[in-house]
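The structure under discussion appears below in the form of C-alpha cells.
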Amino acid sequence: MTTTFTNARLINPETGTDTLGSLTIEGSLITGVNASETGEVIDCGGKCLAPGIVDIGVKIGEPGERHKESFRTAGMAAAAGGVTTMVIRPDTTPAVDTPETLAFVARRAGQVAPVNVHSMGALTKGRDGREMVEMGFMLDAGAVAFTDCDHVVTDNKVYSRAMTYARSLGALIIGHPQDPQLSKGAAVTSGKFASLRGLPAVNPLAERMGLERDLALVEMTGVAYHADSLSSAKALPVLERAKAAGLDVSAGVNIHHLTLNEFDVGDYRTFFKVKPPLRSEEDRLAMVDAVARGVIDIISSMHTPQDEESKRLPFEEAASGAVALETLLPAAMRLVHAGLVDLPMLWRAMSLNPARRLGLPGGELTEGAPADLVLFDPDAPFVLDRFKLNSKSKNTPFDGTRMEGKVLGTWVAGERVFGGENA
C-alpha cells in the first residue's frame, strides 16, 4: 500500500531542516521525499511529520511486575506518544540475564506491542555485579546493549573484564554514573532545599565521580560506552574531555532533568521523585545547553512505572521513577517554545542519535528508511490528566499541567498504530 503525506512540515534531524513538503511511503519503507502524489493522500495541514522517537531505557513490568506495566499497555502508551521504538531495560524480576529470558521478552513484545521493541541485557548475572552474563549468546538472541541499570558495578575488576569482553564482541555498555556509596538512600539533591525538608540527599559530585571511574575503565578497555542519564553540570567537563580524547562515548539525559528542577518536589510530592534526583535550575539549564551543543547525544523518557502503593508513601520511602512515554514529546516541546533548541536538533537527540548508537534502523526521513513516523501539532495546548494515560501506572509529575504538543498519528513500518480522526 502506498501513502503520500502532503502539506507537512518535514522535520529531518539528519540534514537539520524543517521544511514544508511531502513524503511517500510504500509498504514498510519511505520511497520518496517531495515526489509526485500516489496512493492514499493524507493532508497534514501544515503540521509536523518526523521520524518516530527511539526511546532508550523504557521499563516494562514483564516478567515480574506486570501489575505496573505490560508490553501491551506500554506499547499503547508509546504509540500515543509518538515513540515507534522502545529499547527496554533488563531490570525486571528476574533480570534479563539469559538468552532464554531475552527470548521470552522478545516473544511477548512481538505478540502484543504495536511498536518496535528491542531489549538490553543485564551486564552481570542477577545485576549483582559479580559475574558477567554470557554476552555472546545474548547478542545472538537480540540484545542491543548491556547494562545493570541503577545497580552500579562496584568491583572494578569485574567491570573491566566485562568491558574488555564487550569490546571483543563489538557490544555497547550502558552505565549509570553514580558513586553508589554516596548516593545510597538519597532521595533528593543536597543543598538548602534538602536541609529545609529534612530529606536524605546526595551531592551532584557523586555523579561526576561515577562518570570519571567509568570513563577511566573505558580508556583502559576501549569499549563503546553510553552514560544513561546525566543530570549534573559538574559531569559535563569530564564527558567533553573524554570525547575530545577520541573515546567511543556518548551520553543521555532524561526529559525530567531538562524540564523540572529540585523545587518541583515542593511539599514532598513523590511523583517528582526520580533517579538521579531532580537537580538545581542551574544544572537543568546546563543540561539543555549540552543538548543544544551536541555534548549530550540522546534524550530519553526513562519511563519507570510505579503503582500507587509504591508512591503513596513518605518521600524517603517512596519508589523512584515516573511514566513518560506519552509525556516525552509535549514536555520536550517546552524546550522548543522557550527557544532553547529547534525541532531538528530535538529529533536528532530523540530519534536519529539513539538509533545510530544502537545500530538500529530509524531516525531518518530518507528513501529506503523505515516508515516509522509521527505526525504532531507542536502548538496544540492541553491539560494533562494522568488517568487518561495508556500506561497501567499513572505516576507522572505532569498531572494537571498545561502542556503543548499533541501527537496526531503514529506509523510503524507503514501501518498506522495511533490516531486517525485528527490527521
Side-chain angles (χ1 to χ4, degrees), residues 10-19 48 50-57 83 85 87 145 172-177 204 207-208 211-212 214-215 218-219 223-259 276 279 281-302 328-329 331-366 369 374 378:
L10 300 178
I11 310 301
N12 191 330
E14 188 172 25
T15 59
T17 55
D18 175 354
T19 56
C48 296
I53 296 169
V54 179
D55 193 9
I56 297 180
V83 175
T85 299
V87 181
L172 176 70
I173 297 288
I174 297 183
H176 182 74
E207 178 173 288
R208 189 178 82 183
L211 184 62
E212 286 177 329
D214 284 7
L215 293 179
V218 170
E219 184 178 5
V223 73
Y225 173 88
H226 175 73
D228 66 351
S229 187
L230 295 187
S231 59
S232 165
K234 294 182 184 299
L236 293 175
V238 180
L239 175 63
E240 291 184 82
R241 286 197 299 271
K243 288 189 170 188
L247 300 184
D248 187 1
V249 298
S250 58
V253 61
N254 78 61
I255 191 61
H256 302 114
H257 289 102
L258 294 174
T259 55
R279 305 298 193 187
E281 178 65 4
E282 290 75 18
D283 280 324
R284 184 189 75 82
L285 292 174
M287 291 296 109
V288 174
D289 177 65
V291 170
R293 292 187 293 120
V295 176
I296 296 286
D297 307 274
I298 292 168
I299 298 173
S300 64
S301 71
M302 278 296 155
L328 174 58
L329 188 148
M333 286 303 104
R334 290 182 169 187
L335 308 179
V336 175
H337 294 310
L340 300 173
V341 297
D342 59 21
L343 285 171
M345 171 60 74
L346 187 64
W347 247 257
R348 176 173 283 269
M350 295 201 303
S351 184
L352 180 64
N353 285 348
R356 286 184 172 176
R357 189 57 169 148
L358 293 174
L360 300 174
E364 301 177 22
L365 289 185
T366 55
V374 56

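Just so you know, residue 1 is the first one in the sequence shown, and it goes up from there. Quantities reported herein were computed from a predicted structural model and do not represent experimental measurements.
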When you compare the side chains of R357 and S250, does any donor N or O come within less than 3.5 Å of an acceptor on the partner? yes
Hey, mind stepping through L328 and I299 against side chain to side chain contact (heavy atoms under 4.5 Å, CB included) and telling me if it holds? CA-CA 9 Å; L328 174 58; I299 298 173; 4.2 Å; yes
Working to the nearest 0.5 Å, report the span between CZ of R279 and NE2 of H256. 15.0 Å
4.5 Å side-chain heavy-atom contact, P51 and P13: yes
Side chains of I173 and D214 in contact at under 4.5 Å (non-hydrogen atoms): no
Test salt bridge (charged side-chain N to carboxylate O under 4.0 Å, His left out) applied to E219 and R241, step by step: CA-CA 12 Å; E219 184 178 5; R241 286 197 299 271; over 6 Å; no
Where is the tightest heavy-atom contact between L211 and A227, given as atom of each residue plus distance? CD1-CB, 4.2 Å
Can you measure from NE2 (H226) to CG (N353) and round to the nearest 0.5 angstrom? 10.0 Å
Ignoring hydrogens and angles, state whether a donor on the side chain of T17 or T15 is under 3.5 Å from an acceptor on the partner side chain. yes
Heavy-atom neighbours of K234 NZ exceed 12 at 6.0 Å: no
Is it the case that the side chain of H257 and the backbone of S232 share a donor-acceptor pair, with hydrogens and angles ignored and the cut-off at 3.5 Å? no
Report yes or no: does E14 contribute a side-chain atom to a donor-acceptor pair with the main-chain N or O of L352 at less than 3.5 Å? no
Are L365 and W347 close enough, and set up right, to give a side chain to side chain contact (heavy atoms under 4.5 Å, CB included), and what steps lead you there? CA-CA 11 Å; L365 289 185; W347 247 257; over 6 Å; no
For a side chain to side chain contact (heavy atoms under 4.5 Å, CB included) check, start with the C-alpha distance between D289 and L236, then their side-chain angles and the critical distance, and finish with the verdict. CA-CA 11 Å; D289 177 65; L236 293 175; over 6 Å; no
Output yes when a side-chain donor or acceptor of D18 lies under 3.5 Å from a complementary backbone atom of I11, and no otherwise. no
Between atom CD of E207 and atom CD of E212, what is the distance when rounded to the nearest 0.5 Å? 11.0 Å
Below 4.5 Å, heavy atoms only, C-beta onward: do L346 and M333 meet side chain to side chain? yes
Evaluate the salt bridge (charged side-chain N to carboxylate O under 4.0 Å, His left out) criterion for residues K243 and E240: first the C-alpha distance (whole Å), next the side-chain angles of each, then the deciding distance (0.1 Å), finally the verdict. CA-CA 5 Å; K243 288 189 170 188; E240 291 184 82; over 6 Å; no
Within the side chain of N254, is there an N or O that forms a donor-acceptor pair under 3.5 Å with the backbone of S229? no
Once rounded to the nearest 0.5 Å, what's the spacing between atom CE of M345 and atom CG of L335? 12.0 Å
Please give me the minimum heavy-atom distance between M350 and A332, naming the atom from each residue. SD-CB, 4.1 Å
After noting the C-alpha distance and the side-chain angles of L343 and V336, does the key distance pass the side chain to side chain contact (heavy atoms under 4.5 Å, CB included) rule? CA-CA 7 Å; L343 285 171; V336 175; 3.9 Å; yes
Approximate separation, where rounding is to 0.5 Å, of N12 CG and T19 OG1: 7.5 Å
Pairwise side-chain contact, L215 with Y225, heavy-atom cut-off 4.5 Å (strictly under): yes
Calculate, to the nearest 0.5 Å, the distance between atoms CD1 and CG belonging to I56 and L172 respectively. 8.0 Å
Between L358 and A145, what is the shortest heavy-atom contact and its length? CD2-CB, 4.1 Å
Check whether any side-chain N or O of D55 sits under 3.5 Å from a backbone N or O of S301 as a donor-acceptor pair, and report yes or no. yes
Would you find a donor on one side and an acceptor on the other, under 3.5 Å apart, between the side chain of S351 and the backbone of G52? yes
Report yes if the side chains of L230 and P276 come closer than 4.5 Å at any heavy-atom pair, otherwise no. no
Specify the closest pair of heavy atoms between D228 and P177, including all atoms of both residues, with the distance to one decimal. OD1-CD, 3.8 Å
Measure across A292 and L340 and return the closest heavy-atom pair with its distance rounded to 0.1 Å. CB-O, 3.9 Å
